[in-house]
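Note: hydrogens, waters and symmetry copies are ignored here, and every other heavy atom, side chains too, is used. Within every chain, numbering begins at 1; the chains are lettered A, B, ... in the order of the sequence lines, protein sequences first and strands thereafter.
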2 protein chains.
Amino acid sequence: MAVTIKDIAKIVGVSPTAVSRALNDHRDIGEETRAKIKRVAQELGYRRNAIARGLVTRKTDTIGLFVLGRGATGFGDPFAYEVILGVMDTVSAAGYDLVLYGVGGPSNSGRCDGASYVGKCKERQVDGVIMMGLRTDDPQYGSLGDLDVPCVLIDVAPPQDGIGFVASDNVLGAKNATEHLLSLGHRRIAMLNGHAHATVSAERLEGYKIALMNAGIAYDPALTFEGDFSSDSGARAAEYFMALPRDMRPTGVVAASDVMAIGLMQMLKAMGMRVPQDVSVVGFDDIPSAAHVDPPLTTVRQARYDLGATAARMVLQRLEEGRSGMAFPPPGFRLATNLIVRSSTAPPPCRGA
Amino acid sequence: MAVTIKDIAKIVGVSPTAVSRALNDHRDIGEETRAKIKRVAQELGYRRNAIARGLVTRKTDTIGLFVLGRGATGFGDPFAYEVILGVMDTVSAAGYDLVLYGVGGPSNSGRCDGASYVGKCKERQVDGVIMMGLRTDDPQYGSLGDLDVPCVLIDVAPPQDGIGFVASDNVLGAKNATEHLLSLGHRRIAMLNGHAHATVSAERLEGYKIALMNAGIAYDPALTFEGDFSSDSGARAAEYFMALPRDMRPTGVVAASDVMAIGLMQMLKAMGMRVPQDVSVVGFDDIPSAAHVDPPLTTVRQARYDLGATAARMVLQRLEEGRSGMAFPPPGFRLATNLIVRSSTAPPPCRGA
DNA sequence: ATGAAAGCGCTAACAT
DNA sequence: ATGTTAGCGCTTTCAT
């Protein structure tokens with residue numbers, strides 16, 4: 001049996017209440033007794049039972065993090081980890097523990113027996129929730145409002161007021177990427193987008209369109225390929241684009257993820273095209289591989305760690321406010337992106353200029 | 001207020017006990033009452049409070065996962081994520097939740113105020129523990145025995161009996177890597193190792209030595225460079241090796257991680273050496289970048305996901321056994337590695353053959 | 001400054 | 001098959 005405050009109380013000769021007070025540094029306890037209690041607790045290797053404590057205080061000091069739809073929503077391996085780290089560091093610095101929920105993995109992709117996102121949170125009594133990789137067509141998307149604790153979404157527009165969000169400034173990022181190609185002289189620029197049910201896809205498409213419009217170029221739907229954030233879909237996009245009539249073929253492509261961009265480049269190579277001489281490509285994310293592929297990928301860097309850290313700070317802040325009754329915090333944040341120019345982009349081949 | 005079993009009891013007109021029994025599918029409850037109780041629970045959106053339940057059952061259905069010494073112990077970004085996924089899928093399939101502890105991050109690298117690994121586990125009352133990235137010189141390494149729940153270490157030799165471990169077969173992996181170079185005709189083969197306080201370093205060094213010995217080549221300590229798993233240390237190793245007298249200079253190097261191998265290759269290139277024409281290099285891990293660097297890296301693939309999944313299965317199994325009193329399970333597992341031959345290895349330049 | 005009593009939501013004897 | 005009682009370890013009124 002683990003040592004409890006009762007044990008300590010018995011040894012010191014005080015009540016369990018006194019022990020609780022001493023250990024929690026309340027001031028209504030004698031200096032001397034406090035010291036003695038603390039000493040004994042130390043000696044006995046006492047650890048307060050967070051479960052018991054949580055039951056009475058109705059606070060578990062835990063934040064739930066959902067990592068949804070792995071691989072299929074843009075949160076592929078290289079991306080999610082740093083976001084998780086950002087969340088972890090931030091909540092742990094604030095004295096919270098992180099409970100990680102993975103849905104969409106091999107094991108539980110099918111069944112969803114009552115173990116809804118909200119349900120899991122309520123059972124485990126987490127104090128706050130962060131979700132990444134949620135799709136707007138997730139059947140549970142709308143039910144997030146049933147959560148009675150602070151919740152912030154990463155990269156997804158919230159279904160209703162009260163739910164926060166953090167995301168990169170995807171519109172601006174994609175706009176910058178497109179403008180980079182434009183400034184290089186490209187005119188026929190394609191968009192290799194993610195699937196339609198990711199908020200980021202819509203945003204990046206918009207940035208692309210804006211850049212085009214500003215340059216006086218009409219948006220051509222035939223130059224947009226809807227992928228699914230996978231390397232494979234990038235390869236398929238390459239086939240699609242290259243099958244276009246010669247004078248419609250893009251000389252540059254903006255991809256909504258590095259993984260897709262890399263898949264595209266590899267297929268392009270396999271088809272005998274050269275990057276960037278024949279076609280330029282710019283990615284999105286700046287995953288580690290982006291710097292290592294041949295040619296090194298020009299891409300839009302996202303502040304992955306900060307995405308997580310910011311989300312965590314937001315739920316923590318809401319937690320604070322719940323207590324102090326302050327004004328409601330800003331509903332969301334946009335994090336700046338950085339265009340990292342490497343070698344996968346160059347002026348278009350002569351005839352395309 | 002959330003709905004409790006009392007609420008349900010009141011509505012259905014039975015005792016809370018009956019509700020508990022019905023909801024937990026005990027058989028000592030009438031078929032009809034059970035149905036009615038379940039229906040009402042459903043309607044009310046009842047969620048059982050895992051905290052309250054844990055307090056009485058002394059089981060929280062949570063597994064703690066420590067991700068230690070990020071970046072510095074071989075568990076760099078590209079590696080840890082998949083291990084975490086393996087753990088997550090496995091525990092969640094078994095109905096457990098995962099609580100993630102990150103130590104060694106920016107925020108809490110310094111302070112360790114009583115929040116010891118073991119202490120955290122006891123407070124949160126986790127049912128089992130998995131640790132990755134632990135160093136054998138960690139001051140808390142020895143105190144893991146104080147844990148009174150199942151514990152398994154990933155990639156680290158356990159400090160004492162009763163603690164399990166899972167790791168890749170590092171000796172064989174490094175031996176294979178070295179033999180690959182040997183079979184290509186290399187004779188002066190260097191070892192770019194991780195720091196001395198990682199168990200894997202010792203093991204990989206041993207595999208390297210064995211291969212050398214089998215080939216009748218004397219082990220030369222001057223050809224072993226102790227890095228720290230970082231890209232930087234790989235670069236330093238390149239400088240060190242190339243500063244050696246010409247006839248001692250290695251024609252091939254076995255690195256204990258891809259990250260170091262990549263750092264080494266980049267510095268080698270910067271120094272005007274060609275890979276693999278002038279020096280061959282083989283990595284360890286097979287991170288995503290390994291396939292993408294130029295030239296694509298020959299490396300020893302580790303089953304990262306399985307490392308996590310196996311560790312999880314081990315603690316789960318021990319949890320089972322605690323209940324059923326079965327014989328004690330095997331203390332550890334070794335997972336097979338795969339040599340992935342790509343283009344960073346080739347026969348040595350003529351004079352070196 | 002300290003203690004007694006009550007209770008958080010649930011389950012587990014022990015009745016009946 | 002169902003209810004009663006008790007209690008998990010802790011905090012929190014409310015006394016004193």
Side-chain angles (χ1 to χ4, degrees), chain A residues 1-38 40-41 44-62 119 121-127 148-149 323, chain B residues 1-38 40-41 44-62 119 121-127 148-149 323:
Chain A
M1 274 316 332
V3 17
T4 72
I5 55 171
K6 270 187 182 170
D7 300 326
I8 299 177
K10 205 160 290 177
I11 292 180
V12 178
V14 293
S15 71
T17 312
V19 177
S20 172
R21 283 200 270 249
L23 262 20
N24 289 302
D25 283 321
H26 291 191
R27 52 313 222 358
D28 53 350
I29 183 80
E31 194 47 63
E32 241 174 88
T33 6
R34 186 220 299 308
K36 187 153 36 154
I37 288 171
K38 284 202 169 187
V40 172
L44 264 48
Y46 169 79
R47 287 284 156 189
R48 114 177 126 202
N49 183 328
I51 301 301
R53 174 173 227 248
L55 185 57
V56 33
T57 59
R58 283 135 185 302
K59 193 158 181 312
T60 54
D61 292 327
T62 53
C121 292
K122 295 201 165 171
E123 286 197 8
R124 192 60 68 186
Q125 305 268 106
V126 298
D127 293 333
D148 38 13
V149 295
R323 244 178 281 147
Chain B
M1 273 316 333
V3 18
T4 73
I5 54 172
K6 270 188 183 170
D7 300 327
I8 298 176
K10 205 160 293 176
I11 292 180
V12 179
V14 293
S15 71
T17 313
V19 177
S20 172
R21 284 198 272 249
L23 262 19
N24 289 301
D25 282 321
H26 289 192
R27 48 324 214 354
D28 54 350
I29 184 80
E31 194 46 63
E32 240 175 87
T33 7
R34 185 221 301 307
K36 186 152 40 151
I37 289 171
K38 284 202 168 185
V40 173
L44 264 47
Y46 170 78
R47 287 285 156 188
R48 114 178 126 203
N49 184 327
I51 300 301
R53 175 173 225 249
L55 185 57
V56 31
T57 59
R58 287 136 181 303
K59 193 159 182 309
T60 53
D61 293 328
T62 52
C121 292
K122 295 200 165 173
E123 287 197 7
R124 193 59 69 186
Q125 304 269 104
V126 298
D127 294 332
D148 37 13
V149 294
R323 244 178 281 146

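- With rounding to the nearest 0.5 Å, the separation of CG in A:Asn24 from OG1 in A:Thr57 is 10.0 Å.
- Taking atom CD1 on B:Ile51 and atom P on C:dG9, their separation rounds to 12 Å, with Å as the unit.
- The base of C:dG9 is not paired with the side chain of B:Arg47 by any donor and acceptor separated by under 3.5 Å.
- Summarising the geometry, the separation between CE on B:Met1 and C1' on C:dG7 is reported as 13 Å, rounded to the nearest angstrom.
- Scanning all heavy atoms of the two residues, the minimum distance from B:Leu55 to A:Ala52 falls at CD1-CB, 3.5 Å.
- Separating the CG atom in A:Leu44 from the CD1 atom in A:Ile11 is a distance of 4.5 Å, to the nearest 0.5 Å.
- No N or O donor and acceptor, one from the side chain of A:Thr17 and one from the base of D:dT11, sit under 3.5 Å apart.
- A:Leu23 has its CG atom 13 Å from the C1' atom of D:dG9, to the nearest Å.
- Each of B:Val14 and B:Arg58 has a nearest nucleotide on DNA chain D; the 5'-most of these lies closest to B:Val14.
- Rounding to whole angstrom units, CG of residue B:Asn24 and P of C:dT11 are separated by 5 Å.
- Judged by distance alone, with hydrogens and angles left aside, the side-chain atoms of A:Arg21 form no donor-acceptor pair with the main-chain N or O of A:Arg34 at under 3.5 Å.
- In this structure, B:Asp28 atom CG and C:dC14 atom P are separated by 15 Å, rounded to whole Å.
- Ion pairing between a basic and an acidic side chain is recognised when a charged N comes within 4.0 Å of a carboxylate O; A:Asp25 and A:Lys38 show such pairing.
- Judged by distance alone with a 3.5 Å cut-off, no donor-acceptor contact links the side chain of B:Thr57 to the base of C:dA12.
- In this model, no side-chain donor or acceptor of B:Thr33 finds a partner on the base of D:dA1 within 3.5 Å.
- A sub-4.0 Å separation between OP1 or OP2 of D:dG9 and a side-chain N or O of A:Arg53 is absent.
- For the pair A:Lys122 NZ and C:dG9 C1', the computed distance is 16 Å after rounding to whole Å.
- Heavy-atom nearest nucleotides on DNA chain C were determined for B:His26 and for A:Val56, and the one closer to the 5' end corresponds to A:Val56.
- The B:Arg21 side chain lies nearest to C:dC14 when the options are C:dC14, D:dC10, C:dG9.
- Among the nucleotides D:dC10, C:dG9, C:dG3, the one closest to the side chain of B:Ala52 is C:dG9.
- For the pair B:Asp25 CG and C:dT11 P, the interatomic distance rounds to 12 Å; values are reported in whole Å.
- Set against D:dT11, D:dC8, C:dT2, the side chain of B:Leu55 has D:dC8 as its closest nucleotide.
- B:Asn49 places its CG atom 9 Å from the P atom of C:dT11, with the value rounded to the nearest Å.
- Residue A:Thr4 places no side-chain N or O under 4.0 Å from the OP1 or OP2 atom of D:dG9.
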